[in-house]
Amino acid sequence: MNTQEHAEEAHGASVGLNLAVWGGLVAITFLEVFLAYEQLNPTLMLTILVFLSVLKAAMIMAYFMHLKYEKFGLVLLLIPATLYCLLMMFIFFFQEPGRMLLMRPH
């Protein structure tokens, strides 16, 4: 094993893998922008956008923050924080449609 391969193994992914991940992130961003201009049901669109955002965050954390190469216990510590953030998003984002239905005139 030469010095460059050893350094890549110690610090994470290679340049090619980082560029591939970056390309994937750019593609997901373009998909999100495209979906923003489509006339979709708001609940469906928000669900898709939240899923894509969580996927992007996972890719960033795994490859650019090097969590893919950390001990599994450290990754497990992030799960409660992620669940808390998702719970807060669902509480504050999806409460509005119910409130709007109650306010509309009959």
Ile79: side chain to side chain contact (heavy atoms under 4.5 Å, CB included) partners, not counting sequence neighbours: Leu76, Leu83
For Glu38, which residues count as a side chain to side chain contact (heavy atoms under 4.5 Å, CB included) partner, sequence neighbours excluded? Phe34, Leu40
Show every salt bridge (charged side-chain N to carboxylate O under 4.0 Å, His left out) that has at least one partner inside residues 81-93, sequence neighbours left out. none
Identify the heavy atoms of Tyr63 and Asn18 that sit nearest to each other, and give their distance. O-OD1, 4.4 Å
Solution key, residues 50-57 side-chain donor-acceptor pairs under 3.5 Å, sequence neighbours excluded:
unit_1: Ser53; atom_1: OG; unit_2: Glu32; atom_2: OE2; d: 3.4
unit_1: Ser53; atom_1: OG; unit_2: Leu49; atom_2: O; d: 2.9
unit_1: Lys56; atom_1: NZ; unit_2: Thr29; atom_2: OG1; d: 3.0
unit_1: Lys56; atom_1: NZ; unit_2: Glu32; atom_2: OE1; d: 3.1

For residues 75-88, which residue pairs qualify under side chain to side chain donor-acceptor pair (under 3.5 Å), counting only residues two or more places apart or in two chains? none
Could you note down all residue pairs passing salt bridge (charged side-chain N to carboxylate O under 4.0 Å, His left out) where residues 39-49 supplies at least one of them, sequence neighbours left out? none
Pairwise salt bridge (charged side-chain N to carboxylate O under 4.0 Å, His left out) hits with a residue in residues 82-92, at least two apart: none
If the condition is side chain to side chain contact (heavy atoms under 4.5 Å, CB included), which residues does Val26 pass it with, not counting sequence neighbours? Trp22, Phe30
